[in-house]
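Remarks on the structure that follows.
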Amino acid sequence: MAFFLVFDRADFGMKTIVRSVAPTIMGMWWYVTAYATFLALLPFLSKGLRALGEHMHYALAITVLAIWGLTSFIPGTSGVNDSVFGFIYLFILISAYKWYMKPFTLKQTWLMTGIGLGFFLLYTCASVMLSLFGIDKGIFIAGSFKLPVIMVGFGIFYCSTRFPSAVGSSTA
């Protein structure tokens, strides 16, 4: 609210005051609201996924990858938007990896990151070509919770935590 008072008085009003008092409940910032909701659900999600067991957890991970991961390559499909479901989606995938899979090697991690970047490059080129013909779909695969974003993000995060020397970090 202080920010609006100093920098954006034109948009300052009663609605901003009310939303600033309880920003999470009022959904003022999608990320904070979605993440706080996810944290409230996390103990139940974790226990439920553990109860599913390895086989069913993998089946669930493959299902959400098919629904939200693969469809992220198709323009106009409804995927995980900026909501709590995005965090649930990531938790399903990451917990299946952390709980049941052998850690990725450095080569596998860079390969996954490279494939994600390759999709960005491919879709950027396709978007440029389509725009030359008056078709503007944008680079829709660069949005939140899209599979290439997850691949690159996970790869960079994993490399920097598991293989710090692979990304130029020094251990002190």
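Along the sequence shown, residues carry numbers from 1.
Connection of Tyr100 to Leu90 is established within a shared hydrophobic cluster, with ILVMFWY side chains joined at heavy-atom distances below 4.5 Å, either directly or through further cluster members. When hydrophobic clusters are built by joining Ile, Leu, Val, Met, Phe, Trp and Tyr residues whose side-chain heavy atoms come closer than 4.5 Å, directly or via intermediates, Leu130 is not grouped with Phe120. Neither Val64 nor Ile62 shares a network with the other; the hydrophobic side chains, linked directly or stepwise wherever heavy atoms of I, L, V, M, F, W or Y lie under 4.5 Å apart, form separate groups for each. In terms of hydrophobic clustering, with Ile, Leu, Val, Met, Phe, Trp and Tyr side chains grouped at heavy-atom distances under 4.5 Å, Leu147 and Met101 are assigned to a common cluster. Tyr89 and Phe157 end up in different hydrophobic clusters when Ile, Leu, Val, Met, Phe, Trp and Tyr side chains are linked at under 4.5 Å.
Not a single donor-acceptor pair under 3.5 Å links the side chain of Ser46 to the backbone N or O of Pro43. In this structure a side-chain-to-backbone donor-acceptor pair under 3.5 Å is missing from Ser127 to Thr124. With hydrogens and angles disregarded, a donor-acceptor distance shorter than 3.5 Å links the side chain of Thr105 to the backbone of Gln108.
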Item to complete: Run the numbers on Tyr97 and Tyr158 for ring pair (Phe, Tyr, Trp, His ring centres under 6.0 Å), then give the verdict.
Response: CA-CA 12 Å; Tyr97 168 76; Tyr158 192 74; 5.8 Å; yes
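Tyr35 has its side chain within reach of Phe87: a pair of non-hydrogen atoms, C-beta onward, lies under 4.5 Å apart. Annotation: side chain of Leu70 is not in contact with side chain of Leu65 (no heavy-atom distance under 4.5 Å). Within the 4.5 Å cutoff, the side chain of Leu111 has no heavy atoms near those of the Phe104 side chain. With a 4.5 Å cut-off on side-chain heavy atoms, Thr113 and Phe154 do not count as touching.
Taking CG from Leu45 and CG from Leu39, the interatomic distance works out to 10.5 Å, rounded to the nearest 0.5 Å. Expressed to the nearest 0.5 Å, how far CD1 of Ile92 lies from CG of Leu52 amounts to 9.0 Å. Within the model, atoms CZ of Phe91 and CZ of Phe38 stand 5.5 Å from one another, a figure rounded to the nearest 0.5 Å. Taken to the nearest 0.5 Å, the OH atom of Tyr123 stands 10.0 Å off from the NZ atom of Lys146.
Pairing each heavy atom of Ala34 with each of Ser83, the nearest pair is CB-C, 3.5 Å. Here the closest non-hydrogen pair linking Met112 and Met151 is O-CE, 3.5 Å. Annotation for Thr109 and Cys159: closest pair CG2-SG, 3.4 Å, computed over non-hydrogen atoms. Trp99 and Leu49 get closest at one heavy-atom pair: CZ3-CB, 3.7 Å.
Residues passing the side-chain hydrogen bond (donor to acceptor under 3.5 Å, both in side chains) test with Tyr31: none are found, sequence neighbours excluded.
For residues 51-62, every residue pair satisfying the side-chain hydrogen bond (donor to acceptor under 3.5 Å, both in side chains) rule, not counting sequence neighbours, is listed here: His57-Ser95.
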